[in-house]
Asker: 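The following block contains the structure, expressed as structure tokens.
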Amino acid sequence: MASGDNPPFLVVGHLNKPHGTQGELFVWPLTDYPETHFAPGVVHFPGGDEGQTPSPDLEPLTIETVRPYRKGYLARFRGVYDRTAAEQLRGRYLLRPFEAMDELAEDEIFYHELLGSTVVTRDGSVLGSVREVYALKPADLIEVAGPDGNIMLPLIPEMVVEFDREEGRVVVDPPEGLLS
């Protein structure tokens, strides 16, 4: 993806499973700004089979009620008032238009911006390009596809020292021995 090309939608959550018999669903947030995306009146688009674009078969979902629950939220959507209706949404990703995303802080990056970026070390050695970003704990990882195979690097400030959106370039400072 070329620098500056933003997708029309981004995933902000996942509908894990129905909760109770009144149509509530457990939502796993997949955003750093859940309070923006999980509030009454907010409209979500249930993802299609690939999860990256809205399903052509499902209507947009408007949150009626939402409350914190464990490490996520319990949400009830307009028109989903029983367990059977909620079950039809199980496993879907929740998408929002890119324009609805919060503005990032200066040191934040949308993961889609990293994909395809050239990865170089501080001395200019090219390691390859970002093939995938994995949201993991304790640190997210970037998979770099290079001439010598794929390597995984933690997406932490000590490792990723610069990201140039315009150039599509990630500068990394791996500790000695990591790449050998």
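Small disclaimer: the values here were computed from a predicted structure and weren't measured. Numbers here simply count residues along the sequence, with the first being 1.
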Asker: For Glu64, I'd like to know if atom CD has over 12 heavy atoms of other residues, nucleotides or ligands within 6.0 Å.
Answerer: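 More than 12 within 6.0 Å, yes.
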Asker: Between atom CE of Met101 and atom OG1 of Thr31, what is the distance when rounded to the nearest 0.5 Å?
Answerer: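 OG1 of Thr31 is found 7.0 Å from CE of Met101.
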Asker: Taking a hydrophobic cluster as the set of Ile, Leu, Val, Met, Phe, Trp and Tyr residues connected by side-chain heavy atoms closer than 4.5 Å, whether directly or through intermediates, do Ile156 and Val130 fall within one such cluster?
Answerer: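 Yes, it is one cluster - the side chains of Ile156 and Val130 are joined through contacts under 4.5 Å.
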Asker: What are the two closest non-hydrogen atoms of Ala100 and Thr36, and how far apart are they?
Answerer: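 So the two residues come closest at O-CG2, 4.5 Å.
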Asker: List for me each residue that meets ring-ring contact (aromatic ring centres under 6.0 Å, His included) alongside Tyr93, sequence neighbours excluded, and say none if there are none.
Answerer: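 Partners of Tyr93 under the ring-ring contact (aromatic ring centres under 6.0 Å, His included) test: His14.
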Asker: Donor-acceptor pair, Glu108 side chain versus Ala105 backbone, under 3.5 Å?
Answerer: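 Flag set: sc Glu108 to bb Ala105 pair under 3.5 Å.
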Asker: Report yes if the side chains of Ile142 and Tyr134 come closer than 4.5 Å at any heavy-atom pair, otherwise no.
Answerer: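 Not in contact.
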Asker: Under 4.5 Å between side-chain heavy atoms, counting indirect links through other Ile/Leu/Val/Met/Phe/Trp/Tyr residues: same cluster for Leu15 and Leu74 or not?
Answerer: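 In one cluster with Leu15: Leu74, no.
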Asker: Would Arg169 and Glu162 pass as an ion pair if we require N to O under 4.0 Å?
Answerer: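 So Arg169 pairs with Glu162 through a salt bridge.
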Asker: Measure the spacing between CG of Leu25 and CD1 of Ile63 and express it to the nearest 0.5 Å.
Answerer: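 Atom-to-atom, Leu25:CG and Ile63:CD1 are 10.5 Å apart.
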Asker: Nearest 0.5 Å, what's the CG-OG1 distance between Asp164 and Thr118?
Answerer: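 Here the interatomic distance stands at 10.5 Å.
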Asker: Taking Arg78 for the side chain and Thr62 for the main chain, is one N or O donor matched with an acceptor at less than 3.5 Å?
Answerer: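 No, the answer is negative, given that no donor and acceptor are paired below the 3.5 Å cut-off.
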Asker: Pick from Leu114, Ile151, Val171, Val172: which one makes a side-chain contact (heavy atoms from CB on, under 4.5 Å) with Val119?
Answerer: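 Checked Leu114, Ile151, Val171, Val172 against Val119; only one passes side-chain contact (heavy atoms from CB on, under 4.5 Å): Val172.
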Asker: Tell me whether the centres of the aromatic rings in Phe98 and Phe9 are closer together than 6.0 Å.
Answerer: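 Centroid separation for Phe98 and Phe9: 6.0 Å or greater.
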Asker: So how far is it from Leu30 CG to Leu10 CG, rounded to the nearest 0.5 Å?
Answerer: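 CG of Leu10 is found 11.5 Å from CG of Leu30.
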Asker: Mark yes or no for whether Gln88, through its side chain, and Ala85, through its backbone, hold a donor-acceptor pair below 3.5 Å.
Answerer: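 Between the backbone of Ala85 and the side chain of Gln88 there is no qualifying donor-acceptor contact (under 3.5 Å).
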Asker: How long is the gap from CG on Asn16 to CG on Leu89, to the nearest 0.5 Å?
Answerer: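 Reported to 0.5 Å precision, the distance equals 12.5 Å.
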Asker: Give a yes or no answer on whether the side chain of His37 reaches the backbone of Pro29 with a donor-acceptor pair at less than 3.5 Å.
Answerer: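 Looks like no, no N/O pair under 3.5 Å.
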Asker: Rounded at 0.5 Å granularity, tell me how far CD1 in Ile109 sits from CZ in Arg165.
Answerer: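 Ile109 CD1 to Arg165 CZ: 6.5 Å, rounded to 0.5 Å.
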Asker: List the steps, then state whether side chain to side chain contact (heavy atoms under 4.5 Å, CB included) holds for Val160 with Val170.
Answerer: CA-CA 7 Å; Val160 177; Val170 178; 3.7 Å; yes
Asker: Quick check on the hydrophobic clustering: are Phe163 and Leu153 connected, directly or via other members, by side-chain heavy-atom contacts under 4.5 Å?
Answerer: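 Phe163 clusters together with Leu153.
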Asker: Evaluate side chain to side chain contact (heavy atoms under 4.5 Å, CB included) for Phe26 paired with Tyr69, printing each intermediate quantity in order.
Answerer: CA-CA 8 Å; Phe26 177 73; Tyr69 181 76; 3.7 Å; yes
Asker: May I ask you to decide if Val11's main-chain N or O and Arg96's side chain share a donor-acceptor pair within less than 3.5 Å?
Answerer: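 No; judged by distance alone, with no hydrogens or angles, the pair does not exist.
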Asker: What about Val43 and Val66, same hydrophobic cluster or not, with Ile/Leu/Val/Met/Phe/Trp/Tyr joined at side-chain heavy-atom distances under 4.5 Å?
Answerer: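 No.
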Asker: Do Leu61 and Val27 belong together in a cluster built from hydrophobic side chains that touch within less than 4.5 Å?
Answerer: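 They do share one cluster, since a chain of ILVMFWY contacts under 4.5 Å joins Leu61 to Val27.
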Asker: Describe, in one word, how the ring planes of His44 and Phe77 are oriented to each other, choosing from parallel (under 30°), tilted (30 to 60°) and perpendicular (over 60°).
Answerer: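 Geometry flag for Phe77 against His44: perpendicular rings.
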Asker: Is the shortest distance from a Lys or Arg side-chain nitrogen in Arg131 or Glu143 to a carboxylate oxygen in the other one below 4.0 Å?
Answerer: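 A salt bridge links Arg131 with Glu143.
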Asker: Salt-bridged, Glu24 to Arg67, with N to O below 4.0 Å?
Answerer: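 A salt bridge links Glu24 with Arg67.
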Asker: Of all heavy-atom pairs between Ala86 and Gly23, which one has the smallest distance, and what is that distance?
Answerer: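 Of all heavy-atom pairs spanning Ala86 and Gly23, the closest is CB-O, 3.8 Å.
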